[in-house]
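Every heavy atom of this structure was used, including side-chain atoms; hydrogens, water molecules and symmetry mates were not.
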Amino acid sequence: MADSALARAVRWDTVVGALLIVVLLLSFTTVDGFGNALNLSFLIGNTLPIALIALPMTLLVVSGEIDLSVASTAGLSGAVMGALWNQGMTIETIIPICLLLGVVCGLINGLLVTRLGLPSLAVTIGTLAAYRGIAQIVLGSDAVTDFPTQYLDFAAGRIGDTFIPYAFLPFLVLLAIAVVALHATPFGRSLFAVGASEEAARFAGIRVKRQKLILFTVTGLMASLTGIFWALHYASARFDNATGLELSVVAAVLLGGIDFDGGKGTLGGAIAGVFLLGALQNVMSLQDVSAQSQIVVTGVLLVLSVLGPRVARQISVARAGRRAASASTSAPTTS
Amino acid sequence: MTHLSDAGPAPVLALKDISKSFGAVRALRDVSLELFPGEVHALAGENGAGKSTLIKTLAGVHRPDAGQVLLDGEPTLFHGPADARDAGIAVIYQEPTLFPDLSIAENIFMGRQPRRALGRIDHKATHGATLALMQRLGVELDPDRPARGLSIADQQIVEIAKALSFDARVLIMDEPTAALTGSEVARLFGVVRTLREQGSAVLFISHRLEEIFQICQRVTTLRDGALISSEPLDGMTEDDLVRRMVGRDLDELYPKQDVEAGEVALSVRRLTREGVFTDVSFDVRRGEIVGLAGLVGAGRTEVARAVFGVDRWDAGEVEIDGRKLTNGAPSTAMASGLALVPEDRRAQGLVMDMSIERNIGLTGLRTTVKAGLMDRGAERSRSLDWAVKLQVKYARIADTVNTLSGGNQQKVVLAKWLATGPKVLIVDEPTRGIDVGTKAEVHRLLSQLAADGVAVLMISSDLPEILGMADRVLVMHEGRLTAEIPRSEATEETVMAAATGRAAA
Ligand SMILES: Nc1ncnc2c1ncn2[C@@H]1O[C@H](COP(=O)(O)OP(=O)(O)OP(=O)(O)O)[C@@H](O)[C@H]1O
Ligand SMILES: [Mg+2]
């Protein structure tokens, strides 16, 4: 009991929130060009793709699953958008088609996982390759850049001279929806149960498969929305848009204290993780750190973020004066 | 049975003035205990009294805050279960700790398999040794099947076999019989007697008092972590023991009310799940408690799982109040008013990492809702209500259930399902691991539910419980329903005869 009190005192998501504030303050004072409104709007705008996908990814990881195909879905949706635009379709028809495509991508992942009982890690590594391949077939090596200006302006612009990109506002709405869905609805409550013990959840009448199918589908939808945003934000639809974005999303979500084994974490933590990662990437760019080195940093963060919460837990257990007790042969006993 | 005097041999293993706290909970206070060779020693006490904590301290899982563990009179400190095992102490923990992906044989001989040349594991010898152990316990379990999916009773048997597989000087058993039926218990006791005659010391925990009187010579009683008494069982009565455990006299253990049975609430017709059970048909009426008896492995749990929908059935149908249930859909079963208290509380009944409040709340996700959002106030009061009704012993309702003692975890599972206000309640081993006082309470509750018009189907390996509570007893044998016995004719003999397939009913 002292253990759980302590664990509450050093909750990982609070740690990440504090870390984010520290990094922001340090950057304001020590990094040239960080604090101006334009740079901050770049920071937010460049982080939005990670943030958008992190919303459903958080729910997915809480329920014990993962989707690594998100960046490829985003790329595919951008590529289809470019190809259809080249054919002269209006953007107002293209966007719903792309979103529908995202739904289909997510549905395929979800069906493979829930109907065939395959592990989502394997399934989505497969579709990661497949969706990206289709994107290349659809658009080849073209880059489509001539989307309507009012769309480009919305995706890249900011409100007046403030640091807030236009696109940040709809994100806040989506964030609010996700927070409520995960932390205030019966659906969210049952996701935690599913992630912590799928069998017990099933015995409590929770429709585990249906829930997972919904989550994968929503993740596909959000990934394609991100793909559309990406193509407009950078004014470029290419088949390799957003390559490697899944790494950043997963790193950020885990960094935010969402337990990779499922059942634990908060959306607040995940979003703090996202912006912590975004701030670090922004600072590294300002300091002329190469893109390759940035990926190394992301990778290291990913490892640390899996390690961090565990170490924090170990410390609080040790501090409560208890030895991690493992009965005769295996760990999963009471201690 | 010979009476062992205190002037006899020195204790092999002893605890001296042991204290152990978990945060604010003082699980053990200044407890002493001595285990003598050739003696079976019972440890008695209510749920949460500190029995399992005492055993884990003996075995080196917990380090005591104060006091000593003495091995052959020498102060020792075990640094973990492996240490204790090397000292010749075999422990069966209350909750099975098998590796699901390893075979039964591998689980039993974990880390000490017989070897062949070049250190290769001798599978044949392992297999043979496991078979021999199974024969000793009189069960038919395939040594090569993985532990995953074993029933709780079978898991307990594997744990027992594991403990017996090394020649322990001290055998410690925390509720080994909780899910076993009479015949398996008899086998186990046979083995324990042999061990005792060979000079082993045995520590035994059970909430079935008759078992304590059958096999033990001495009993130590704990209450709220404190030592109440340690004395020979000779001349003691069950009432004496209960009084030491709970500090008062007990009400009737089987307070069965006579209720006029109403309409059929649950109707199971020709239900079949291939290779598991065949052609099972029965009704349960409102107001009735129907007992489902049978040996371990007869298929009782499997029928319950299929009716509730966590497993699919291959043929047949299930109706509640005349409305057919969908195959394999627990959520619709729940919506029609069915509740299942499953046999395995840790894997099926509870999310161990979740709080007591939220575990009970899991069955209320449709009801404790306001405008689509969780109504936290309603959730908390619903959980608190039922935790109090079932006398769950906890520090805070927001504590995770893995900090609770085994019996208290069981009460949380009951609370979780009773809170749904079911029309049909299936309980699978409802009092497994629950102490006598609370057992009476659970029985009273079941009886009251029946009186209020709930149809109750009760699976239990505890025959006296079935006989004491059931209006009718259904008996299964090897996947088939073999007998239906009215309360007036149900006796240990008639039920056991049907359960072992000896009777044509
Ligand atoms: N790991 C733990 N963390 C916090 N409290 C614990 C822990 N383990 C046990 N306790 C508390 O210690 C007390 C004694 O628990 P213990 O498991 O020893 O009871 P028990 O006598 O074995 O009960 P039962 O008959 O129900 O198995 C209980 O109040 C329990 O909640
Ligand atoms: Mg116990």
Could you tell me which portion of [X] (side chain, backbone, both or neither) has an atom closer than 4.5 angstrom to a non-hydrogen atom of chain A?
| X | result |
| --- | --- |
| B:Val369 | side chain |
| B:Arg376 | side chain |
| B:Leu350 | backbone |

Practice problem: Name the option with the most non-hydrogen atom pairs under 4.5 Å to chain B; the candidates are A:Gly263, A:Ala204, A:Ser197. | Solution: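 Counting heavy-atom pairs under 4.5 Å, the top option is A:Ala204.
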Self-check item: Salt bridge A:Arg189-B:Glu379, side-chain N to carboxylate O under 4.0 Å
Solution: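 Yes, A:Arg189 and B:Glu379 are salt-bridged.
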Quiz item: Salt bridge check: are B:Asp101 and B:Arg148 linked by an N-O gap of less than 4.0 Å?
Solution: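 Judged by the 4.0 Å cut-off on N to carboxylate O distance, B:Asp101 and B:Arg148 do form a salt bridge.
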Would you say the side-chain atoms of [X] and [Y] include a donor-acceptor pair closer than 3.5 Å?
| X | Y | value |
| --- | --- | --- |
| A:Ser69 | A:Glu246 | no |
| B:Asn47 | B:Ser405 | no |
| A:Asn109 | A:Ser120 | no |
| A:Ser190 | A:Gln211 | yes |
| A:Thr219 | A:Asp67 | no |

Exercise. Could you check if a side-chain atom of B:Leu404 sits within less than 4.5 angstrom of a side-chain atom of B:Lys393, using non-hydrogen atoms only?
Key: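 Counting from C-beta outward, B:Leu404 and B:Lys393 never come under 4.5 Å.
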Quiz item: Side chain, backbone, both or neither: which part of A:Phe192 has a non-hydrogen atom closer than 4.5 Å to chain B?
Solution: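 Answer is both: backbone and side chain atoms of A:Phe192 are under 4.5 Å from chain B.
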Practice problem: Using non-hydrogen atoms and a 4.5 Å limit, figure out which bit of A:Arg202 sits close to chain B: side chain, backbone, both or neither. | Solution: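 Interface part for A:Arg202: both.
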Quiz prompt | Contact residues of residues 353-362 of chain B (partner chain A; heavy-atom separation under 4.5 angstrom) | solution =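 Within residues 353-362 of chain B, the residues under 4.5 Å from chain A are B:Asp353, B:Met354, B:Arg358, B:Leu362.
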Self-check item: Near-ring test B:Phe22/B:His62, centroid separation under 6.0 angstrom
Solution: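 Ring-ring flag for B:His62/B:Phe22: true, centres closer than 6.0 Å.
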Quiz item: What residue, out of B:Pro330, B:Ala347, B:Ser52, B:Pro342, has the most heavy-atom pairs lying under 4.5 Å from chain A?
Solution: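 Looking at each of B:Pro330, B:Ala347, B:Ser52, B:Pro342 in turn, B:Ala347 comes out on top.
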